Amino acid sequence: MDIPSLQLNDQTSIPQFGLGVWQVPADETQRVVTDALELGYRHIDTAQMYGNEAGVGAALAASGLARDEVYVTTKLNNGFHEPARAKESLARSLELLGLDQVDLFLIHWPLPTRYDGDFVSTWEALAELRSEGLTRSIGVSNFQPQHIDRIVEATGVVPAVNQIEVHPYFANEAAREATRRHGALVEAWSPLGQGGGELTDEVVVRIAQAHGKTPAQVLLRWQVDRGDIVFPKSMSRDRLAENAAIFDFALTTAEVAELAALDRGPAGRQGPDPDVFDWIP
Ligand SMILES: NC(=O)C1=CN([C@@H]2O[C@H](COP(=O)(O)OP(=O)(O)OC[C@H]3O[C@@H](n4cnc5c(N)ncnc54)[C@H](OP(=O)(O)O)[C@@H]3O)[C@@H](O)[C@H]2O)C=CC1
Ligand SMILES: O=C(O)C(=O)[C@@H](O)[C@H](O)C(=O)CO
């Protein structure tokens with residue numbers, strides 16, 4: 001599988017395509033990640049919140065792949081924003097993953113209505129974790145433009161990525177623009193719209209038929225061409241293979257415009273609004 005790599009602003013690189021494991025049950029995670037690695041996936045996106053880091057670690061250990069062949073991301077859980085707890089939590093993640101270092105550690109949600117809105121000290125803790133060598137890169141997730149502006153202004157440390165909800169029904173352009181303005185890359189979460197209406201949208205289906213591809217492959221190709229990083233989740237080996245087969249066709253300029261026109265703004269969101277989301281699992 002020939003997956004492009006993108007350079008991050010800290011001079012490391014990241015495979016532009018991978019596997020996300022939200023909602024993969026803990027007892028099935030080793031099997032799903034093993035399937036993906038066998039098919040050629042080399043980028044796994046997990047989180048403390050997902051409760052399946054141990055399964056990811058078991059699959060990595062059983063794969064026989066060298067550590068530097070697989071890119072591994074995890075994310076700070078919402079209950080662990082205080083700097084000391086953030087640091088302890090990465091130590092626990094590394095233990096569960098069976099790794100000495102992750103490639104990327106993210107603040108999962110900004111939680112602007114909790115912790116007195118103080119995600120700056122959490123961000124400083126992540127910068128220390130990077131200095132200590134426990135993560136190669138650091139980034140954020142679900143940061144709105146004002147959140148990303150604030151951490152950069154306060155610390156001078158620019159995140160490598162901002163992982164945000166993006167799919168044609170919710171193009172999330174303001175957060176994408178703020179992320180890229182700071183020189184960070186966008187990681188597009190729920191790139192298949194969580195398996196919802198975009199997969200049967202008549203525009204997406206028609207474009208897929210024109211290329212002999214599936215609707216999922218069209219959605220993913222559109223996002224990769226925009227320069228975003230994607231990691232669709234699937235528990236099916238066939239769909240894992242299908243989702244990865246996106247580098248052998250090209251969308252026309254007119255098709256790209258048609259997909260962009262599907263944007264419904266905030267009404268197209270599948271997930272929570274980061275300005276008010278305050279859930280602590
Ligand atoms: N930072 C954050 O706050 C968030 C991060 N994420 C990350 O993004 C990843 C991807 O997003 P996610 O929300 O999982 O949703 P996706 O957009 O990846 O969609 C996953 C859904 O689509 C189905 N599916 C997968 N492939 C196909 C296909 N080819 N054809 C039809 N249906 C398909 C899956 O079912 P099946 O498994 O049966 O194939 C599943 O129901 C997550 O796993 C996680 O890593 C997601 C949400 C929030
Ligand atoms: O999947 C993630 O990474 C999330 O943060 C979401 O699950 C989010 O917490 C959510 O959708 C809760 O309903």
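Since the structure is predicted, the reported quantities are computational estimates derived from the model, not experimental observations. Atoms within a ligand are numbered from 1 in the order they appear, just like the ligands themselves.
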- line: Going by the 4.0 angstrom heavy-atom rule, the piece of Glu242 near ligand 1 is side chain
message: Under a 3.5 Å threshold, yes or no: a donor from one side chain and an acceptor from the other, between Asp45 and Trp189?
response: no
message: Regarding Asp248 and Arg221, does a basic nitrogen lie under 4.0 Å from an acidic carboxylate oxygen?
response: no
task: Would you check if the side chain of Asn77 reaches a backbone N or O of Gly79 as a donor-acceptor pair within less than 3.5 Å?
output: no
- line: Exactly one candidate in Arg226, Arg180, Arg181 meets salt bridge (Lys or Arg N to Asp or Glu O under 4.0 Å) with Glu173; the answer is Arg226
- request: Would you check the N or O atoms of Leu192, main chain and side chain alike, for any that come under 3.5 Å of an N or O of ligand 1?
  value: yes
message: Heavy-atom pairs closer than 4.0 Å: do any link ligand 1 to the side chain of Ser190, the backbone, both, or neither?
response: both
- prompt: Which ligand 1 atoms, with their elements, are less than 4.0 angstrom from a heavy-atom of Gly193?
  reply: 17 (O)
- request: Please determine if Lys75 has a nitrogen or oxygen closer than 3.5 Å to a nitrogen or oxygen of ligand 1.
  value: no
- prompt: With no hydrogens and no angle check, do the side chains of Glu242 and Thr214 hold a donor and an acceptor under 3.5 Å apart?
  reply: yes
query: Any N/O of Ser141 closer than 3.5 Å to an N/O of ligand 1?
result: yes
query: Can you tell me if Gln101 and Thr135 form a side-chain donor-acceptor pair at under 3.5 Å?
result: no
query: Just by distance, with hydrogens left out, do Asn78 and Gln48 show a side-chain donor and acceptor under 3.5 Å apart?
result: no
- request: Tell me which one of Phe231, Trp22, Trp189 gets a heavy atom nearest to atom 9 (C) of ligand 1.
  value: Phe231
- prompt: To the nearest 0.1 Å, how far is atom 44 (C) of ligand 1 from its closest protein heavy atom, and which atom is that?
  reply: Tyr50 OH, 3.4 Å
field: ligand 1 atoms in contact with Asn142 (distance to a heavy atom under 4.0 Å)
entry: 1 (N), 2 (C), 3 (O)
field: ligand 1 atoms in contact with Trp109 (distance to a heavy atom under 4.0 Å)
entry: 3 (O)
Identity and separation of the nearest protein heavy atom to atom 12 (C) of ligand 2: Phe277 CZ, 4.0 Å
- prompt: Side chain or backbone of Pro272 under 4.0 Å from ligand 2, or both, or neither, by non-hydrogen atoms?
  reply: side chain
field: Nearest non-hydrogen protein atom, atom 8 (C) of ligand 2
entry: Trp109 CZ2, 3.9 Å
- prompt: Looking at ligand 1, does Gly271 have a heavy atom less than 4.0 Å from it?
  reply: no
task: State the atoms of ligand 1, each with its element, that fall below the 4.0 Å cut-off from a heavy-atom position in His108.
output: 1 (N), 2 (C), 3 (O)
- prompt: Does Met235, backbone or side chain, put an N or O under 3.5 Å from an N or O of ligand 1?
  reply: yes
- request: Examine the proximity of ligand 2 to Trp189 and report which part, side chain or backbone, both or neither, has a heavy atom under 4.0 Å away.
  value: neither
query: Hey, are Arg67 and Asp103 close enough for a salt bridge, meaning a charged N less than 4.0 Å from a carboxylate O?
result: yes
task: Starting from atom 31 (C) of ligand 1, locate the nearest protein heavy atom and write down its residue, its atom name and how far away it is, to 0.1 Å.
output: Leu199 CD1, 3.6 Å
field: Over 12 foreign heavy atoms within 6.0 Å of CG, Asp100
entry: no
- prompt: Will you find, in the side chains of His182 and Asp149, an N or O donor that is under 3.5 Å from an N or O acceptor?
  reply: yes
query: Where on Asn243 is there a heavy atom closer than 4.0 Å to ligand 1, on the side chain, on the backbone, on both, or on neither?
result: side chain
message: Show the atoms of ligand 2 that are less than 4.0 angstrom away from any heavy atom in His108.
response: 2 (C), 3 (O), 4 (C), 5 (O)
Could you go through residues 271-281 and list every donor-acceptor pair under 3.5 Å that involves a side-chain atom there, pairing it with any protein atom two or more places apart or in another chain?
| from | atom 1 | to | atom 2 | distance (Å) |
| --- | --- | --- | --- | --- |
| Asp273 | OD1 | Asp275 | N | 2.9 |
| Asp275 | OD1 | Gln146 | NE2 | 3.1 |
| Asp275 | OD2 | Gln144 | NE2 | 3.0 |

task: Without swapping roles, check the side chain of Gln223 against the backbone of Asp228 for a donor-acceptor pair under 3.5 Å.
output: no
task: Please find out if less than 6.0 Å separates the ring center of Phe143 from that of Phe119.
output: yes
task: Look at the rings of Tyr50 and His108 and say which category their plane angle falls in: under 30° parallel, 30 to 60° tilted, over 60° perpendicular.
output: perpendicular
message: Considering both backbone and side-chain atoms of Tyr50, is one of its nitrogen or oxygen atoms within less than 3.5 Å of a nitrogen or oxygen in ligand 2?
response: yes
Side chain, backbone, both or neither: the part of Lys75 lying under 4.0 Å from ligand 2 by heavy atom: neither
message: Is there a polar contact, in the sense of an N or O pair closer than 3.5 Å, between Trp279 and ligand 2?
response: no
- prompt: What part of Ala47, side chain from CB on, backbone N/CA/C/O, both or neither, has a heavy atom under 4.0 Å from ligand 1?
  reply: neither
query: Does one side chain, of Thr34 or Gln30, offer a donor that lies under 3.5 Å from an acceptor on the other?
result: no
Option set Gln163, Gln23, Lys233, criterion heavy-atom distance to atom 34 (C) of ligand 1, minimum: Lys233
- prompt: Who's the nearest protein heavy-atom neighbour of atom 45 (O) of ligand 1, and how far?
  reply: Asp45 OD2, 2.7 Å
- prompt: What atoms of ligand 1 come closer than 4.0 angstrom to any heavy atom of Pro232?
  reply: 18 (O)
